[in-house]
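Hydrogens, waters and symmetry mates are skipped; everything else that's a heavy atom, side chains included, is used. Remember, predicted model here, so these are calculated numbers, not experimental data. Proteins get letters first, then strands, A, B, ... in listed order; numbering begins at 1 in each.
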2 protein chains.
Amino acid sequence: MLRPTTKDLAKAAGVSRATVDRVLNGREGVKKNTVDRVNLAIKELGFVRNIQAANLARSQRYRFVFALPRSGDLFLKEIVRHIDEASETFATDLVWCDVVHIDENDPHSISAFLGTLDPNETTGVAIMAPESPQVRDAIFRLQERGVAALPFIADQSAMEEHWVGTDHHAAGATAATLIGRFSHASEGSVLVVSESMRSRDSLERRIGFDAEMNKHFPGLRTLPSLETYGDEERAERIIHNSVNNNPDLIGAYVLSSEARVPLTILNDTMNSDHLIKISHERTPFTEAALRNGDLDGVIAQDPGHLVRSAVRKLKAITDRLVAKGSQERIRVEVLLRTNI
Amino acid sequence: MLRPTTKDLAKAAGVSRATVDRVLNGREGVKKNTVDRVNLAIKELGFVRNIQAANLARSQRYRFVFALPRSGDLFLKEIVRHIDEASETFATDLVWCDVVHIDENDPHSISAFLGTLDPNETTGVAIMAPESPQVRDAIFRLQERGVAALPFIADQSAMEEHWVGTDHHAAGATAATLIGRFSHASEGSVLVVSESMRSRDSLERRIGFDAEMNKHFPGLRTLPSLETYGDEERAERIIHNSVNNNPDLIGAYVLSSEARVPLTILNDTMNSDHLIKISHERTPFTEAALRNGDLDGVIAQDPGHLVRSAVRKLKAITDRLVAKGSQERIRVEVLLRTNI
DNA sequence: CCATTTTTGAGGCACGTGCATCATAAATAT
DNA sequence: ATATTTATGATGCACGTGCCTCAAAAATGG
């Protein structure tokens, strides 16, 4: 039994193909009664619109924009690399991807940028930016103008059905598990370093980390978050301080995606061989650190998977197939030396 | 700049659309010289055949068969569940999936089954069966008849470019890392239980496990593999024996995908709370065991990812886009209580 | 009732490719 | 040279859907 076509639909509903077309594409000028008849036939026949044929007819193409922070962060570089790769992989699906850099901390400029996007040129946008009212409103306006929008990695709580990223709470808790179980000390303190605690991701990781530590490793004391603000001198000063004040250090958790600076400083400051060190994201640096033992574990989200998932979700949204993409959950990965 | 079509190609190569068509679809009756001219034009224009349009023209559909062992194993059940799910997800791509059960240990019957597959009905097959000359030959014959074939989870060394599964050596090594690092004992022995050591996966996991143990945890002694052959009584006897003979047990590694029987027996046989226990694959049982502490870690391959990856690979092969699908590497996942 | 508006039908072209047929041109054999 | 084979061109339909136009039918208003 072949897939029913619009012709079959028309016959089943007792209307013409023109009317079926009007209903399918939400054109007006059709009586409610007729609309219902057609929708009933759709259900009865199990009609599914052939998207390839539809795209052919409209010569539709998908152009997706990834709006990413400007930072030179290694993780971001990986993301960009995978976007280029995905551009090739999805070329046969008529999908093109571009990267645009935004000022992540300037909601106003982000909102302005989103406002400039033309639905005729841009099919959808994946946005990696911290939550803010301006951005949220801009996203809503964008959607109203017919551009698909998808929070990417950084989540916008306003639209939780549509977003691509991991469960930060679980990620933080997993970091805690690794430190707690890898460490053979039953007492001691744990350094927590972050670039900034202003983002929701960082906060949630920290909460998950503390919850797990308190519950399962009560002997271990988690120190207040050290915020580097991306400033090396400042990082050096505060890490140095903390190391001196806490001689019972048994581990360190770097919860921002840029692990290089804090870890390098830590290693320079003290002999940190006995510390359990956990950081985030697979990058050339963290891979190398895992291999040579500078890191004991990495909590990661697969950048390739993130990107491909975002593309598929954006495509599903523009094709109006919202329901399906749900199973695309991004896992909290644990990377050890042996499974890089 | 729009994508060039066969019309553009014809113009650029100075031939007719009919000839372009003959070249593109490998029909004969074209002079070598002309073929070269067309291929040159393909490269110069960067022509990519519009597969959606091609499929439409041929009313091509993809029907993929998953040939799986008959066993009632939880992991296999998960795989089947995800195949059903994928069937829905990929419906819009004109892909249908069916599951067929085979006698994994009877190469002759597998070969016979593969021989019955009709290229007109079956576009491709994902085969999960242990390596054997008969199966290998049957796969080659299948491919010659125009059916795409893909070793699935169980690998066939003869075709390493095309297969979907994880690096078993790394998986075994990761199990060793977890036991070695989670255990606070510097000396002791580790139980290794398997359903059978006849499959390549089991052997490779075991090799990876031992290599890592010997190199990084020399104080820990890995015991010879206990093979249950799926027989509960036998399992009980040999596990019981081994526990009695090795009072210094500090951990257990179950390397087959069925973890329930050995773990249950182990828990019944002794107070195994202090043991570090690692097994394979995410199943309802292992998830529950992680949650309540009966398992300390699970080494897994995402069944959904495995299935979707197989579908995409089979599709890529039939669309003759072999190069791209390569980045679809299946990760060796580490599951802990916190990142289930 | 007629005039007007709304709803529906009929039909056709387009998208890019596969596939078929028939005619013509070029190469090769005799 | 002519007959035969081989290579190429010209053309047209099909796939399933979007989108357009024009006419006809039905509903609505007065």
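- In terms of heavy atoms, A:P4 sits closest to A:L45 at CG-O, 3.6 Å.
- The CG atom of B:D21 sits 10 Å away from the P atom of C:dA20 (whole-angstrom rounding).
- Within the 4.5 Å cutoff, the side chain of A:V99 has heavy atoms near those of the A:L68 side chain.
- If B:V20 and B:A53 are placed on DNA chain D by their nearest nucleotide, the residue sitting closer to the 5' end is B:V20.
- For A:H108, the NE2 atom counts as loosely surrounded, since its 6.0 Å shell holds 12 or fewer non-hydrogen atoms of other residues, nucleotides or ligands.
- For B:R312, the side chain to side chain donor-acceptor pair (under 3.5 Å) partners are B:E328, not counting sequence neighbours.
- Computed from C1' positions of five pairs at each end, the angle between the two local axes of the helix from C:dC1-D:dG30 to C:dT30-D:dA1 equals 30°, rounded to 10 degrees.
- Comment: B:R141 does not engage B:D137 in a salt bridge, judged by the lack of any side-chain N to carboxylate O separation of less than 4.0 angstrom.
- B:N50 comes within 4.0 angstrom of sugar-phosphate atoms only, judged by non-hydrogen atoms across all strands, and of no base.
- Considering all non-hydrogen atoms of both residues, A:V147 and A:G124 come closest at CG1-CA, 3.8 Å.
- If you check every strand for non-hydrogen atoms under 4.0 Å, A:R61 touches nothing.
- Taking every nucleotide of DNA chain D with any atom under 4.0 Å from a non-hydrogen atom of chain B, the first and last of them, 5' to 3', are D:dA7 to D:dG16.
- Note on ring orientation: taking the six-membered ring where Trp is involved, the planes of B:F152 and B:F66 are perpendicular (angle over 60°, cut-offs 30° and 60°).
- Residues A:R3 and A:D8 are not paired through a salt bridge, judged by the lack of any N-O separation under 4.0 Å between the basic side chain and the carboxylate.
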Is there a side-chain contact (heavy atoms from CB on, under 4.5 Å) between A:D103 and A:R70 once you walk through the steps? CA-CA 6 Å; A:D103 273 327; A:R70 214 173 293 279; 3.4 Å; yes

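- Taking every side-chain heavy atom of A:A18 into account, C:dG9 is the closest of C:dT8, C:dG9, C:dC19.
- Here the P atom of nucleotide C:dT17 and the CD1 atom of B:I42 are 11 Å apart, to the nearest Å.
- Contacts of A:R49 with the nucleic acid, taken as non-hydrogen atoms under 4.0 Å apart, involve only primed sugar atoms and P, OP1 or OP2.
- Regarding A:L56, its CG atom lies at a distance of 13 Å from the P atom of C:dA14, rounded to whole Å.
- Within the 4.5 Å cutoff, the side chain of B:D98 has heavy atoms near those of the B:R63 side chain.
- Residue A:N25 is in sugar-phosphate contact alone, with no base atom involved, counting any heavy-atom pair closer than 4.0 Å across all strands shown.
- Between the CG atom of A:D36 and the C1' atom of C:dT7 there is a distance of 15 Å, given to the nearest Å.
- Listed pair A:T19 / C:dG9 meets the phosphate criterion, a side-chain N or O lying under 4.0 Å from OP1 or OP2.
- Comparing A:R58 and B:S59 along DNA chain D, the residue whose closest nucleotide (by nearest heavy atom) sits nearer the 5' end is B:S59.
- In this structure, B:N55 places its CG atom 11 Å from P of C:dC19, rounding to the nearest Å.
- Summarising the geometry, the separation between CZ on A:R22 and P on C:dA10 is reported as 11 Å, rounded to the nearest angstrom.
- Distance A:K7 NZ to C:dA10 P: 13 Å, rounded to the nearest Å.
- One atom, NZ of B:K32, and another, P of C:dA27, lie 17 Å apart when rounded to the nearest Å.
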